[in-house]
2 protein chains.
Amino acid sequence: MRRDVFQAIADPTRRAILGLIVMGAMTPNAVAAHFDSTRQTISKHIQILTECEVLIQKKTGREIYYHFNPEKMKEIDIWLERFRKMWEDSFNQLDNLLNNI
Amino acid sequence: MRRDVFQAIADPTRRAILGLIVMGAMTPNAVAAHFDSTRQTISKHIQILTECEVLIQKKTGREIYYHFNPEKMKEIDIWLERFRKMWEDSFNQLDNLLNNI
DNA sequence: TCAGTTTTTTGCTATTTGGCTAACCATCAA
DNA sequence: TTGATGGTTAGCCAAATAGCAAAAAACTGA
């Protein structure tokens, strides 16, 4: 069972969940209220996000608050690093120009 | 058939292909030489990357050179933007500290 | 034209995924 | 203790995915 951050953010629902939780820690029920899917389905998505540690759970009583973990998301940013220079590099823009002749 | 950049980079083989092609445009055969998979399988991966426009094909004779398209990859960078402040923000580091008490 | 090369397309598998319902724990408040 | 609430797990299904082998295109060069 491959469970890395890249696979985690491949699903649009999971990206939306991350977009919610980054605003502030939430319980699964609170998250599910924003979607049409059942609580069970959302719970599964949250579980996948937790398994690859992009979310961290903190139990308080019977409620579980899920927090966003910046460190894991950073991995994507780091991977993106070597590609980023392609759109920041002005030489590349010249290269694109030449290729489009 | 969902075909976006996020789904495209979910597969480790496709990430590796992108890592190769960003160094310089390549033909499918040249790409396949770097992997254990068959040429057909690599061709399919390249096709998926092309469908979501993270690769662009340029035919020269009977050879097809695949080029990296920075613009599409940029979409990931843009999506990441709102999360990025979480690991750049010094207040968040304080927040992490408080949560770990 | 014809043989050879490069690349894609076409089935065909096995596995994974995302979604559901129903059942199951754990905890809170009467 | 008992019912309600918060959350996960189990079992099932349809669709998508990744991989392969084999066939078909498309082009090159003799």
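Chain letters run A, B, ... following the sequence lines, proteins first, then strands; residues in each count from 1. All values below come from the heavy atoms of this structure, side chains included, with hydrogens, waters and symmetry mates left out.
- Within 4.0 Å (heavy atoms only), K59(A) reaches no atom of the nucleic acid at all.
- Residue contacts for T38(B): at a heavy-atom cut-off of 4.0 Å it reaches the sugar-phosphate backbone alone, with no base atom in range.
- Closest to the side chain of N29(A), from the set dC20(C), dG6(D), dA18(D), is dG6(D).
- Between the side chain of T50(B) and the main chain of I46(B), a donor-acceptor pair closer than 3.5 Å is present.
- Residue-to-nucleotide contacts include no donor-acceptor pair under 3.5 Å from the side chain of R62(A) to the base of dG7(D).
- Looking at the side chain of T13(A), the nearest of the listed nucleotides dT21(C), dG7(D), dG19(C) is dG19(C).
- Across all strands, E63(B) comes closer than 4.0 Å only to sugar-phosphate atoms, never to a base (heavy-atom distances).
- For S43(B), whose side chain is taken as the heavy atoms from C-beta onward, the closest listed nucleotide among dA21(D), dT9(C), dA18(D) is dT9(C).
- Comparing dT17(C), dT17(D), dA18(D) by their closest approach to the side chain of R3(A) singles out dT17(C).
- Of the candidates dG6(D), dA18(D), dT9(C), dT9(C) carries the atom nearest the Q47(B) side chain, counting heavy atoms from C-beta on.
- For K44(A), taking side-chain heavy atoms from C-beta onward, the closest of the listed nucleotides dT8(D), dT28(D), dG11(D) is dG11(D).
- Backbone-only contact: S37(A) has heavy atoms under 4.0 Å from sugar-phosphate atoms and none from a base.
- Heavy-atom distances to DNA chain C give each of T41(A) and T60(A) a nearest nucleotide, and the one nearer the 5′ end belongs to T41(A).
- Mapping I48(A) and Y65(B) onto DNA chain C via the closest heavy atom, the residue that lands nearer the 5' end is Y65(B).
- Residue contacts shown for Y66(A) are limited to sugar-phosphate atoms, with no base heavy atom under 4.0 Å away.
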